[in-house]
Amino acid sequence: MTGKISRIVLENSALFLCDMQEKFRHTIQYFPQIVEVSNRMLQAARILNMPIVVTEQYPKGLGPTVPELDVSDLKVFPKTQFSMIIPEVEEYMHKLSDTKSVVLCGIETQACVQQTVQDLLLRNYDVHVIVDASSSRSMVDRMFAFKRMQDAGAVLTTSESMLLALTRDSAHPKFKEIQKLIWTPAPDSGLLHHTIDGETRV
């Protein structure tokens, strides 16, 4: 795989959680693992005082964000379009004028996540997709979406890699709290069994 090098800076970064909703629980590949890793990212964002954007796709039909992700203290943006970049989110982002990079988790990778990436890139944000916190109903859709996002200019990375990049130094005042989140390796979400072009490894 090839991709651009983009150094993320904590003070200029926000976490986006895309449509992690109840009705997807039984249809998304590796859903429990994706939620677990997304929760690590959410906890880390709170520890590191990062802005957090949460969306829900048609919550009347697809339900609320799963209870494993406690977003009760956050503003949740309902939407019907696939991209997270609805007018209300854009307005919120304008208030975060220092934000240059977005760390993105969620579902579905080939739909809402991919279209969010495209819209963010068009607005000149650096986008970092957490591959072990993003999934689809189909592994083919998931893997080809990762490839398309990477080709468009997004950075594909893992949760642990991102958390270490955000802190950058074991002397960081919040590092020990972050270290507790990654002490146990992230759960397997099927990525080791697939290459980025969708071919299954033996």
Side-chain angles (χ1 to χ4, degrees), residues 1-3 14-42 45 52-69 71 76-86 89 102-122 125 127-162 185-202:
M1 291 187 299
T2 59
L15 176 68
F16 275 37
L17 290 177
C18 182
D19 306 349
M20 303 292 291
Q21 292 161 259
E22 192 61 43
K23 282 292 180 72
F24 292 118
R25 185 179 297 275
H26 301 296
T27 59
I28 297 297
Q29 295 286 325
Y30 297 93
F31 188 83
Q33 294 89 336
I34 296 301
V35 169
E36 180 180 332
V37 176
S38 295
N39 192 41
R40 292 186 186 199
M41 298 305 301
L42 177 59
I52 303 167
V53 174
V54 181
T55 61
E56 292 175 350
Q57 179 74 15
Y58 185 55
K60 181 179 179 180
L62 297 174
T65 299
V66 294
E68 296 96 318
L69 299 172
V71 297
V76 177
F77 297 90
K79 63 184 181 69
T80 56
Q81 76 172 34
F82 299 125
S83 172
M84 295 176 73
I85 309 305
I86 57 174
V89 170
V102 169
V103 178
L104 178 57
C105 309
I107 52 183
E108 287 193 60
T109 316
Q110 84 288 357
C112 299
V113 173
Q114 181 173 276
Q115 292 190 31
T116 300
V117 166
Q118 292 167 342
D119 283 349
L120 287 168
L121 291 172
L122 286 172
Y125 288 97
V127 186
H128 302 256
V129 179
I130 307 302
V131 294
D132 50 341
S134 304
S135 193
S136 303
R137 288 168 296 152
S138 156
M139 287 297 289
V140 172
D141 280 332
R142 183 187 187 195
M143 302 311 291
F144 274 96
F146 284 149
K147 185 176 191 306
R148 184 173 183 187
M149 289 186 283
Q150 185 179 56
D151 289 345
V155 177
L156 304 185
T157 189
T158 63
S159 54
E160 181 167 333
S161 178
M162 175 52 61
D188 176 27
S189 62
L191 295 169
L192 292 180
H193 308 301
H194 296 78
T195 62
I196 200 65
D197 60 4
E199 294 179 2
T200 303
R201 292 179 180 175
V202 177

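Quick caveat: nothing in here was measured; it's all calculated off a predicted structure.
With sequence neighbours left out, Asp132 forms a side-chain hydrogen bond (donor to acceptor under 3.5 Å, both in side chains) with Ser159. Arg25 pairs by the side-chain hydrogen bond (donor to acceptor under 3.5 Å, both in side chains) definition with Glu22, Glu68, not counting sequence neighbours. Under the salt bridge (Lys or Arg N to Asp or Glu O under 4.0 Å) criterion, Glu36 pairs with Arg40, sequence neighbours left out. Residues satisfying the side chain to side chain contact (heavy atoms under 4.5 Å, CB included) test with Ser38, not counting sequence neighbours, are Leu17, Met20, Ile34, Leu69, Cys105, Ala133. Every side chain to side chain contact (heavy atoms under 4.5 Å, CB included) that Gln110 has, sequence neighbours left out, goes to Glu108, Ser136, Arg137, Asp141, Ala145. Looking at residues two or more places apart in sequence or on another chain, you find a side-chain hydrogen bond (donor to acceptor under 3.5 Å, both in side chains) between Ser189 and Arg142. Under the side-chain hydrogen bond (donor to acceptor under 3.5 Å, both in side chains) criterion, Gln81 pairs with no residue at all, not counting sequence neighbours. For Asp119, the side chain to side chain contact (heavy atoms under 4.5 Å, CB included) test picks out Ser83, Ile85, Leu122, Arg123, with sequence neighbours left out.
For the side-chain contact (heavy atoms from CB on, under 4.5 Å) criterion with Met149, the lone passing option out of Val131, Val117, Val127 is Val117. For the side-chain contact (heavy atoms from CB on, under 4.5 Å) criterion with His128, the lone passing option out of Val102, Val155, Leu156 is Val155.
Of all heavy-atom pairs spanning Phe31 and Ile107, the tightest one is CE1-CD1, 3.9 Å. Between Ser134 and Val129, the shortest heavy-atom distance links the atoms OG-CG1, 4.0 Å. In this structure, Gln33 and Pro187 approach most closely via the heavy-atom pair CG-CB, 3.7 Å.
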Please test Arg148 against Gln118 for side-chain contact (heavy atoms from CB on, under 4.5 Å), starting from the C-alpha separation and ending with a verdict.
CA-CA 10 Å; Arg148 184 173 183 187; Gln118 292 167 342; 3.5 Å; yes

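Between Met84 and Val53, the closest side-chain pair of non-hydrogen atoms falls below 4.5 Å. Residues Phe16 and Ile52 are not in side-chain contact: their nearest non-hydrogen atoms beyond the backbone lie 4.5 Å or more apart. Taking the side chain as every heavy atom from C-beta outward, Val35 and Pro32 never approach each other to under 4.5 Å. Leu104 places a side-chain heavy atom less than 4.5 Å from the side chain of Val113.
A side-chain donor-acceptor contact under 3.5 Å links Thr109 to the backbone of Ser135. The main-chain N or O of Cys112 is found under 3.5 Å from a side-chain atom of Thr116 such that the two form a donor-acceptor pair.
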Ignoring hydrogens and angles, write down the donor-acceptor pairs under 3.5 Å from the side chains of residues 56-63, residues two or more places apart or on other chains.
residue	atom	partner	partner atom	Å
Glu56	OE2	Thr65	N	2.8
Glu56	OE2	Thr65	OG1	2.7
Gln57	OE1	Lys79	NZ	2.6
Gln57	NE2	Thr80	O	2.6

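Heavy-atom contacts from other residues, nucleotides or ligands closer than 6.0 Å to CZ of Phe82 number 12 or fewer.
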